[in-house]
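Any value given below was found using the heavy atoms of this structure, including those in side chains, with hydrogens, waters and symmetry copies removed. Lettering of chains follows the sequences in order, A, B, ..., and the numbering in each one begins at 1.
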Protein chains: 2
Amino acid sequence: MSPLHFYFDFISPYGYFASLRIEELAARHGRTVEWHSILLGVSVMKVMGLKPLLDTPLKGDYVRRDVERYRRQHGLATKRTADHPIMNPLTCGRAFQWVKANQPQLAVPVAQALLHAHWGEGLDLSEPDSLREVRLPAGIGADWLVEGAQSPEAARLLRSEVDASIAAGIFGSPTVVVDGEMFWGVDKLDTVELWLQRGGW
Amino acid sequence: MSPLHFYFDFISPYGYFASLRIEELAARHGRTVEWHSILLGVSVMKVMGLKPLLDTPLKGDYVRRDVERYRRQHGLATKRTADHPIMNPLTCGRAFQWVKANQPQLAVPVAQALLHAHWGEGLDLSEPDSLREVRLPAGIGADWLVEGAQSPEAARLLRSEVDASIAAGIFGSPTVVVDGEMFWGVDKLDTVELWLQRGGW
């Protein structure tokens, strides 16, 4: 069976929340997951012409409250909230793409480690050297990752992934694509599960 | 116990979908529902500064598909799709407010009748006279409703309801407010139910 495609931005709390559930959800239905890091700064702001979510009147306030409510509901001990200044997601995105291209079997553990360091521990991972503070999975050297994240090849890989995501119609984090069917938002994960159970409708 | 507050726009398919579930959901937890008709044209476009949903690149295409998928999932026989030209919601909003002010016990049945006529039967209810085509609940005369919907009082009531909704932070259709806690989107109805079961978290 084809893999689920999981699109997320490292700066998106909802993307982080979904990252904690997507692997088990897929495994319950015998599926694997391919992870794709996107940049909302490109899709939302440049392509859609919208303001950042938290700067949107009314909606920004709602999102701050909704994120906290989700965190409480699921008992997550996050140190960073939606109110913190948003970090630059390029370093994490490039580091992830670098691993995905060069050590693909460790791409998901690296993404999980970066997301946990940022959201769970509250680290700002804007600068390549900050990756040294992340507890990386065995098999990933910090020097190798810091260097890779700064390579032109990593920048090119991320640009290409973001372009492909926009061409595929992806506009939000998280988005899950199952057999060509797109589901946007962590609120849709239960619907994704139902879709897998029933084989669609 | 305090009532649930249900905010919807007559032009919103997701508002229609939620309208079919909200009364039973509330009743299961011994709650009543107060319905509020809002105008996304005011909250989304004027206050938030956003484009209409269906005209937003990427998201518009997603919404068309998501609405159809919800319809299939819930076995709804709607004649109007998200692709139809959007009707002017003022007539329905004003008619609803008119009934809410003058025959409050029939406000919800009238809202349900208007929503069904528009989404279920596909009628365009932009013009006051089109209300004559709606199968109205017993106790509501078509002449009385058509006249009321055109009264300055109905226009004033709707404006006031929309202003109050924006002051309360409401920005989308549907939104449900439970004991001061706001939930946006038909995808959140299961979370609303959980919130009522647990008494919050």
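E147(B) CD: 12 or fewer foreign heavy atoms inside a 6.0 Å radius. Taking a 6.0 Å sphere around CD of E24(B), one finds it holds 12 or fewer heavy atoms contributed by other residues, nucleotides or ligands. More than 12 heavy-atom neighbours from other residues, nucleotides or ligands sit within 6.0 angstrom of CD on E153(B). Heavy-atom contacts from other residues, nucleotides or ligands closer than 6.0 Å to CD of Q197(B) number more than 12.
Formation of a donor-acceptor pair under 3.5 Å by the Y62(A) side chain with backbone atoms of G169(B) is not found in this model.
For the options E181(B), R65(B), R72(B), heavy-atom pairs under 4.5 Å to chain A are most numerous at E181(B). Heavy-atom pairs under 4.5 Å with chain A were tallied for D190(B), L58(B), D61(B); the largest tally goes to L58(B).
Looking at L194(A), only its side chain comes within 4.5 Å of chain B, counting heavy atoms on both sides. Contacts of D66(A) with chain B are made by side-chain atoms alone, with heavy-atom separations under 4.5 Å and no backbone atom involved.
At least one side-chain heavy atom of R69(A) sits under 4.5 Å from a side-chain heavy atom of F183(B).
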